[in-house]
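Start at 1 and go down the list; that is how both ligands and their atoms are numbered. No experiment lies behind these values; they were computed from the predicted model shown.
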Amino acid sequence: MLNLVIIGAGAMGQNHAAVIKNNPLCRLVGMADANPQQANVAARFDTRFYTDIETMLLAEKPDGAIIVSPNHLHADHAELCAQHGVHMLIEKPVADSLARAQQIIVATEKYKVRALVGHHRRHSPLIQKTRAMIAEGALGQLVAVMAQFLLKKPDDYFEVGWRSQKNIGGPTLINLIHDIDGLRFMCGEITQVYAQSRSSVRQFDVEDTLSANLVFANGALGTVLASDAVAAPWSYEQTAKENPMYFSSEQNCYHFAGTAGALAFPSMHLWQFLDAAKAGWQHPMTQTQIVVEHADPLARQLTHFCHVIQGTEPPLVTVQDAARSLATVLALLESARSGQIIFV
Ligand SMILES: NC(=O)c1ccc[n+]([C@@H]2O[C@H](COP(=O)([O-])OP(=O)(O)OC[C@H]3O[C@@H](n4cnc5c(N)ncnc54)[C@H](O)[C@@H]3O)[C@@H](O)[C@H]2O)c1
């Protein structure tokens, strides 16, 4: 039984606490949050509460820590865990800048601790199946990818200040990074981006809407359309049915098209020509349902983290790998700012 602590008892910290409760490999021994009012969260999860992270690490001597503080604090909190020899699961984005991600890499190497980054969708059976299908050539040569993150965040979401703060919050850094990381995992590396953004609905310093063109290393092209200010059901959150917090629609958020077939995600409808020898727009296509058994990626990620702590599995998402997803979303923001194509 591994002893885990959580740093940051906010919205996502509570999700982690809930999955720890249901995992037989670990138990929650403490939560730290700078805001003393979050003590009631620790009480709800029947665990000890600290306002100081180091005091908690010294008192609990945990096997692992889950870092769920605001993005700009991840690096300092990760360094502190490393200094105390504590393995860690760091929420995404791994940090708010590439220099801060490097700070984590240096600390984990210096103190010889293991770090996993919380791009939990990589543990999704839907994402893993799609990655395997693309790799096995089920679509032929991958040519075109279309991704949408189109939903409406409730207004009270923005009562938490950092979520709309430039260079720390905003939907590209907080949300679209999930999609970008997933696209990298499924389709291969993204090498070039060109983006435009607007903040005309919410009028915050951060964007509420972004459109982008992507170039993948394998030659495929992609488009991304993202907005957290629209009345729309086309996002991973609202279609994948992996988190009951979200309204769930019977829609798709991604489309993958190749020379031999196309896949709608997450309906997992595979489109192919009935007769591969008769391909062309006048010929009939068939729709095949690819069956994927659903599982909660957050719970699967936690089990994986326990195995990472035990040293029986290498981290599925390393800090270096997550830094590449961070570099890609930073490139999107830089392209939107400068109007230039950015090479990642
Ligand atoms: N994987 C996912 O799907 C997912 C979803 C939501 C959020 N996140 C990530 O989780 C992190 C937290 O997001 P959130 O929405 O829960 O934020 P939040 O603001 O609700 O919670 C953050 C908590 O950290 C606390 N905190 C601030 N400074 C601290 C400090 N110095 N020491 C200890 N605690 C401190 C705050 O008081 C707050 O309770 C972010 O990195 C975010 O990107 C991931």
Examine the proximity of ligand 1 to Glu91 and report which part, side chain or backbone, both or neither, has a heavy atom under 4.0 Å away. side chain
Under 4.0 Å from a heavy atom of Leu73: give me the atoms of ligand 1 that qualify, with their elements. 28 (N), 29 (C), 31 (N)
Indicate the atoms forming the closest heavy-atom contact of Ala240 with His294, along with that distance. O-CE1, 3.2 Å
Proximal atoms of ligand 1 relative to Asn35 (non-hydrogen, under 4.0 Å): 37 (O)
Side-chain donor-acceptor contact under 3.5 Å, His123 with Gln128: no
Numbered in order shown, the ligand 1 atoms found under 4.0 Å of a heavy atom of Pro93 are 43 (O)
Going by heavy atoms, is His178 under 4.0 Å from ligand 1? yes
Between Lys92, Gln37, Met56, flag the one that comes closest to atom 42 (C) of ligand 1 by a heavy atom. Lys92
Honestly, for Val68 the part within reach of ligand 1 (heavy atoms, under 4.0 Å) is both
Counting both backbone and side chain atoms, is some N or O of Pro70 under 3.5 Å from an N or O of ligand 1? no
Taking non-hydrogen atoms only, is Leu298 closer than 4.0 angstrom to ligand 1 via side chain, backbone, both or neither? neither
For the residue pair His269 / Gln289, report whether a side-chain donor-acceptor contact shorter than 3.5 Å exists. yes
Counting only heavy atoms, which portion of Asn15 has something under 4.0 Å from ligand 1: side chain, backbone, both, or neither? neither
Can you tell me how the ring of Phe158 sits relative to the ring of Phe204, calling it parallel under 30°, perpendicular over 60° and tilted otherwise? tilted
Of Gly169, Gly8, Ser69, which has the heavy atom at the shortest distance from atom 11 (C) of ligand 1? Ser69
So which atom in Asp179 and which in Arg121 form the shortest heavy-atom distance, rounded to 0.1 Å? OD1-NH1, 3.3 Å
Contact atoms of ligand 1, heavy-atom distance to Val160 under 4.0 Å: 19 (O)
In terms of residue, atom name and distance, what is the protein heavy atom nearest to atom 13 (O) of ligand 1? Trp162 CZ2, 3.5 Å
Provide, to 0.1 Å, the distance between atom 23 (C) of ligand 1 and the closest protein heavy atom, together with that atom's residue and name. Asp33 OD2, 3.6 Å
Any side-chain donor near an acceptor of the partner, Glu250 and Ser267, under 3.5 Å: no
Does a donor on one side chain and an acceptor on the other come within less than 3.5 Å for Gln301 and Asp296? no
What heavy-atom pair brings Thr209 and Ser227 nearest, and what distance separates the two atoms? OG1-OG, 3.0 Å
Looking just at side-chain N and O atoms, do His307 and Thr312 make a donor-acceptor pair shorter than 3.5 Å? no
Proximal atoms of ligand 1 relative to Gln38 (non-hydrogen, under 4.0 Å): 39 (O)
Closest to atom 16 (O) of ligand 1 among protein heavy atoms sits Met12 N, 2.8 Å
For Glu79 and Gln103, test the side chains for any donor-to-acceptor distance below 3.5 angstrom and give the result as yes or no. yes
Numbering the atoms of ligand 1 from 1, which are under 4.0 Å from a heavy atom of Ile53? 32 (N)
Give me the residue, atom name and distance of the protein heavy atom closest to atom 3 (O) of ligand 1. His120 CE1, 3.1 Å
Considering the heavy atoms of Gly10, write down every atom of ligand 1 situated less than 4.0 Å from one of them. 16 (O), 20 (O), 21 (O), 23 (C), 39 (O)
How far is atom 40 (C) of ligand 1 from the closest protein heavy atom, and which atom is that? Asn71 OD1, 3.2 Å
Tell me whether Arg184 is salt-bridged to Asp181, with the criterion being a basic N under 4.0 Å from an acidic carboxylate O. yes
When you compare ligand 1 with Ile7, is there at least one nitrogen or oxygen pair between them that comes in under 3.5 angstrom? no
Measure the distances from the heavy atoms of Arg163 to every atom of ligand 1 and state whether one is below 4.0 angstrom. yes
Which heavy atom in Asp33 sits nearest to a heavy atom in Ala9, and how many Å separate them? OD2-N, 2.7 Å
Give yes if a backbone or side-chain nitrogen or oxygen of Ala34 is under 3.5 Å from a nitrogen or oxygen of ligand 1, and no if not. yes
Non-hydrogen atom of His77 closer than 4.0 Å to ligand 1: yes
I'd like to check which ligand 1 atoms, numbered from 1 as shown, lie under 4.0 Å from a non-hydrogen atom of Ala11. 16 (O), 20 (O)
Write down the atom of Val193, the atom of Leu214, and the distance for their closest heavy-atom approach. CG1-CD2, 3.8 Å
Partner of Thr286 by side chain to side chain contact (heavy atoms under 4.5 Å, CB included), out of Leu270, Leu274, Asp275: Leu274
Heavy-atom pair of closest approach, residues Phe45 and Gln14: CZ-O, 3.6 Å
